[in-house]
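This one's a predicted model, so the numbers in the text were calculated from it and none came from an experiment.
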Amino acid sequence: MSIIASKRIEFPEVNKERRDFLKSIEEKWQKFWEQNRVYEADPDPSRQKFFVTFPYPYINAYPHLGTGYTVLRVDILARFKRMQGYNVLFPQGWHATGGPIVAAALRVREGDPKQINILRSLGIPEEEIPKFRDPEYWVYFFKKEFRRDFQRLGLSIDWRREFFTTRLNPPYNKFIQWQYTVLREKGLIAKGKHPVVWCPKEQKVVGDHDRPDEYAGIGPTEVVVIKFRGEDGYVYPCLTYRPETVYGAVNIWVNPDAEYLIAEVDGEKWIVGEYGARELADQDHRVNVVGRIKGAQLVGHFAVNPVTGWRVPVLPAFFVDADFGTGVVMSVPAHAPYDYVGLEDLKRDPYLLERYNLDPSLIDAVQPVKLIEVEDYKGLPAQEAVQTFNAKTQRDIEALEKATKDVYSKEFYKGVLKPEIYGVKWGGRKVYEVKEEIINYLSEKGVAFRHYTLSSPVYCRCGAKTHVKLVKDQWFLRYSDKEWKQKAHECIDQMRFVPEEIRQEFHRLVDWYEDWACTHERELGTPLPWDERWVLESLSDSTIYMAYYTIAKYLQHPETYGIDWDKLGNSFFDYVFLGKGDPERVSAETGVSRELLEKIRQEFLYWYPVDMRVSGKDLLGNHLVFFIMHHVAVFPRDKWPRGIGINGWVLVAGKKMSKSLGNYILIREAVDYWGADATRFAEAYAGNSGLDDANFEPEMASKAVDLLYEWYKFATENYGKGDDEYRFIDKWFESVINETILKVAREYEQINTKNVLVEGFFNLQNSYKWYIRRRGTPNRSLLKRFIEAQTLILAPITPHIAEEIWHAIGKQTSISRAQWPKVTDQDIDKHVQKAEAVVVKLLEDLEEVIRLKKNKPKRVTIVLPAPWKYEFLDKVNQAYRTTGKLSEAIQQATKTLTPEQRTKIGKIIPIIHKNPEILDLATNQQLEAQALTDALPLIQQTLGTEIVIATEEQLQNNPKATTSLPARPAIILEE
């Protein structure tokens, strides 16, 4: 094993001489691409365009293999589409909006050793670290480093269009302000009070980009707090997602080991956890802490169920988290698996009862009350679910979570409230139909109120645990607007999704979103144009910036085009993106000549809309939904997005990438150690499109160094060699190459990069090995075609070595602009391939038969079946495709035989039943004979004995010969 210079990550050994050769080629071709402006894309009306984008990464550290995996998929698709003849635009920008950079800079200013060590671990020189006290320095430093790493990876980006976010970039800043002006004019932005995820330490809203990835997508959820008044003078506020079940609440749970606050809440003395008190205070409740009390001191007290009037005890439960919700839970053991198991734990553990001074008769008196009838459960739903999921105690968290989810979902949609409990008003109705009515009833009665909380803990990047706060005077995007949602659904219906199954998830998310807080304070970003104390948060400013890419080469290089940033305003963007306004007036206002203004407008119209946006699955639930929502709000229908591709996260050696596990790999580390092409090869091999996580295997990266070097040597040393004879096996290999090209093209379209390498490299290489084994010396023109096709297939994934090979074999243009081979289904000869498959199977069978023989036979006769058997098997095949039943298909085909043929068929029907694969391999007699005749030298050489090919008619007196079938010739051994 070898260790890279940073001593952080151990990699498998690599052939350094081969690796260094690959790296030298990479540097050479990256310079060539840059100097020849190979990836700079400009409008060309004579060519079809393809605009592909990757969500700009947040630039607060060096990019790692996770970032590399997704952006590489974009690059591979872009390169493939160029080879198909498309005019491809692949631009790239950088994201700096939000709080993480500001927070990190603050921690550097404070001398936080953890933050400073993070910078050291990235290899930042000691003398450079003090500069990171300034948030702007982070932006400029990592913007430069990201670009360097992306260039070293060989990404085919049009760098003229590079930009970064925030007010540090004036033209982008004005573009974002224009977007929000448009949204406000359409009535899609409102000001008001709204629940948000809040960081108590940094005193700010915590968006998805302000928290670690595992907390993305978790937002405020509306719940109900029901007040149980205790005989001890305290109010026990029970937070619940199922207020309708209060009619079956037979006790209250507290965590006996936790410390609770005694707080005056809205003039009443409450028992509440510290987290709950903080959340209540931030949701317009008056909270004053007057004391603290241990949960155990509350056990055995009694309170009153505010709806039923029952006297219910306070009991201990260890599943209760005092730092979640209010920390106090009402118990409905008939319908809540945790509650049912909690009671059972108390009943069977005398030690617990003794510890908390509880009378067993008190526990026995607490009986579940069934409230809801549901078909799936005959008895108590909680009890049956607990048994189904095998939850033994309240410590069986995973089983209890499954049981809870099962009960709650079934009862919500299918459950019917019992009339004897709920009376005529709600009895006999479904839970989902009456839930809101019951909440309103409890609220009007003064025993409950609506509240917002988080369904699971969420932490800010600063490390603080967040809660839900009602923010006033906040600006919101009105994602709840029905017309806006409808447009988004229409867009989703007409889009292409890779994979297709994510389409319904986008529909669901559009329906799920309510209003979204779009502004923060004290962060990097773009100020709201009409209220500059607010800055647009990181997700809200990254929705339509793909449009900015189309004109960024003009705006980011004002000196080249004579553009004055200070004069740019809404009229400029209105005209360029929406075609609004008089171009003469816009030109006068902005100082941009009418000719240039029209050119910029035409550039946008040519490239837009986005054809494919490729992203990791972490952005599916937020950014990509916003991407759709904002496009349908701002742009006309013909500029709505056309496609979204999703991939999973990247594991390294089967485990989540983590510094603590020692498998956290930066792009620069991978490229330093393996080179760009080997890294790209291993990343492409890591996975396909979809939500499943990919697995980067360091061993594959090391292996790729050898695979790519060996292919280079083979291609450059063998191109043009061979003979000019054209044999049956050449037909087969030509068909295989054509089929591979078609298969690979389909996989590239679906961005299934692993499948591309499996089909287009490993399987094709194996096919070539068989071809050479069969033929010896290859056909000259076919070998050339194989080398060209294999190199073209590899080019989108490993462009540097492909470029080197392409030029070495005499091609004059860049392989990046080479044409993808034009192949159709008519260029694939399935019958030839089937006939060759018969050869492969026959050779395997012969080797096995001879291996089992004590003495090698003097001669082996291969018997081709009679012509009528080919017709018979063809009819079996046709009938089988219709009926799907082999016996029935054979029976139907047998009816078409002559009486003499029927007497012979009995022997071979069992063979067909035993070997149904021959139905897939069967072809015509002539091709099968050609294939076997062509393969005769190989078979004879392999077996080392005399081989004879005969027909069934020639050996009609031999019983063994009559068992011959298409795709399964009979074998006769002569001792």
Side-chain angles (χ1 to χ4, degrees), residues 56 58-60 93-106 134-140 143 163-194 196-199 202-210 471-479 515-545 547-548 551-552 555-556 558 563-574 576-577 589-590 623 626 629-630 633-634:
Y56 45 29
Y58 197 75
I59 48 173
N60 62 340
W94 316 113
H95 202 198
T97 301
I101 287 176
V102 175
L106 175 62
D134 178 5
E136 285 79 3
Y137 188 76
W138 286 74
V139 176
Y140 293 118
K143 175 178 75 74
F163 68 86
F164 62 96
T165 70
T166 76
R167 61 179 174 272
L168 299 175
N169 184 3
Y172 180 81
N173 193 65
K174 292 192 174 189
F175 162 73
I176 294 297
Q177 291 188 323
W178 164 79
Q179 176 196 171
Y180 274 81
T181 300
V182 171
L183 291 172
R184 192 184 190 200
E185 288 172 352
K186 290 176 178 283
L188 298 177
I189 295 180
K191 191 176 187 181
K193 183 166 66 173
H194 202 75
V196 296
V197 182
W198 185 258
C199 174
E202 296 187 340
Q203 291 289 295
K204 70 170 190 179
V205 178
V206 179
D208 276 0
H209 285 187
D210 303 317
V471 176
K472 300 170 185 176
D473 297 327
Q474 169 68 276
W475 291 98
F476 298 95
L477 288 159
R478 296 182 55 243
Y479 289 153
D515 293 348
W516 176 266
C518 60
T519 53
H520 288 181
E521 294 181 282
R522 301 183 300 278
E523 291 189 357
L524 282 175
T526 294
L528 206 58
W530 60 86
D531 191 352
E532 293 207 350
R533 75 186 178 95
W534 293 100
V535 171
L536 287 159
E537 60 92 26
S538 58
L539 281 167
S540 299
D541 84 335
S542 55
T543 54
I544 65 165
Y545 66 85
Y548 188 83
I551 66 170
L555 299 190
Q556 295 301 139
I563 293 174
D564 185 346
W565 285 348
D566 291 335
K567 291 184 178 180
L568 293 180
N570 290 340
S571 64
F572 172 83
F573 296 108
D574 272 341
V576 168
F577 293 127
E589 284 180 8
T590 61
H623 162 72
F626 297 179
M629 295 288 285
H630 285 243
V634 173

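Of the inter-residue distances, the one linking Leu568 atom CG with Thr590 atom OG1 reads 6.5 Å to the nearest 0.5 angstrom. Of the inter-residue distances, the one linking Met629 atom CE with Leu477 atom CG reads 8.5 Å to the nearest 0.5 angstrom. Rounding to the nearest 0.5 Å places CG of Leu524 at 13.5 Å from CD of Glu537. With values rounded to the nearest 0.5 angstrom, His194 atom NE2 is found 10.5 Å from Cys518 atom SG. Atom-to-atom distance recorded for Asn169:CG and Thr165:OG1 is 8.0 Å, nearest 0.5 angstrom. Atom CD1 in Ile176 sits 11.0 Å away from atom OG1 in Thr181 (nearest 0.5 Å).
Looking at heavy atoms from C-beta onward, Leu528 lies out of side-chain contact with Ile189 at the 4.5 angstrom threshold. Looking at Glu136 and Leu168, their side chains come closer than 4.5 Å, going by heavy atoms from C-beta outward. Within the 4.5 Å cutoff, no side-chain heavy atoms of Gln179 are placed close to those of Phe577. Within the 4.5 Å cutoff, side-chain heavy atoms of Val139 are placed close to those of Ile59. Within the 4.5 Å cutoff, the side chain of Arg167 has no heavy atoms near those of the Tyr172 side chain. Between Val102 and Lys204 the shortest side-chain heavy-atom distance does not fall below 4.5 Å. Looking only at side-chain heavy atoms (C-beta outward), Asn570 and Val182 stay at 4.5 Å or farther from each other. Side-chain atoms of Pro527 and Gln177, non-hydrogen and from C-beta on, do get closer than 4.5 Å to each other.
Nearest approach of Ala517 to Val196, heavy atoms of both residues: CB-CG1, 3.5 Å. Of all non-hydrogen atoms in His623 and Leu539, the two that sit nearest each other are CB-CD2, 3.8 Å. Here the shortest heavy-atom pairing between Phe163 and Ala552 reads CD2-CB, 4.4 Å. Considering all non-hydrogen atoms of both residues, Asn60 and Pro100 come closest at ND2-CB, 4.2 Å. In terms of heavy atoms, Arg478 sits closest to Gly187 at NH1-O, 2.7 Å. The two residues Glu589 and Ser571 come nearest to each other via the heavy atoms OE1-OG, 2.7 Å.
Proximity of a side-chain donor or acceptor of Tyr58 to a complementary backbone N or O of Ser538 within less than 3.5 Å is not detected. In this structure a side-chain-to-backbone donor-acceptor pair under 3.5 Å is missing from Lys174 to Phe573. Between the side chain of Gln474 and the backbone N or O of Thr519, at least one donor-acceptor pair lies under 3.5 Å.
Taking the six-membered ring where the residue is Trp, Tyr548 and Phe175 present tilted rings, their angle falling between 30° and 60°.
When ring centroids are compared, Tyr180 and Trp475 stay outside the 6.0 Å threshold.
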(request) Evaluate the criterion side-chain contact (heavy atoms from CB on, under 4.5 Å) for residue pair Glu202 and Leu106; output intermediate values, then yes/no. (result) CA-CA 11 Å; Glu202 296 187 340; Leu106 175 62; 5.8 Å; no

(request) Could you walk me through whether Ile563 and Leu555 pass the side-chain contact (heavy atoms from CB on, under 4.5 Å) test, one step at a time? (result) CA-CA 7 Å; Ile563 293 174; Leu555 299 190; 4.0 Å; yes

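For the residue pair Asp541 and Thr97, a side-chain donor N or O sits within less than 3.5 Å of a side-chain acceptor on the partner.
Applying the ring pair (Phe, Tyr, Trp, His ring centres under 6.0 Å) rule to Phe164 yields the partners Tyr140; only residues at least two apart in sequence or on another chain are considered.
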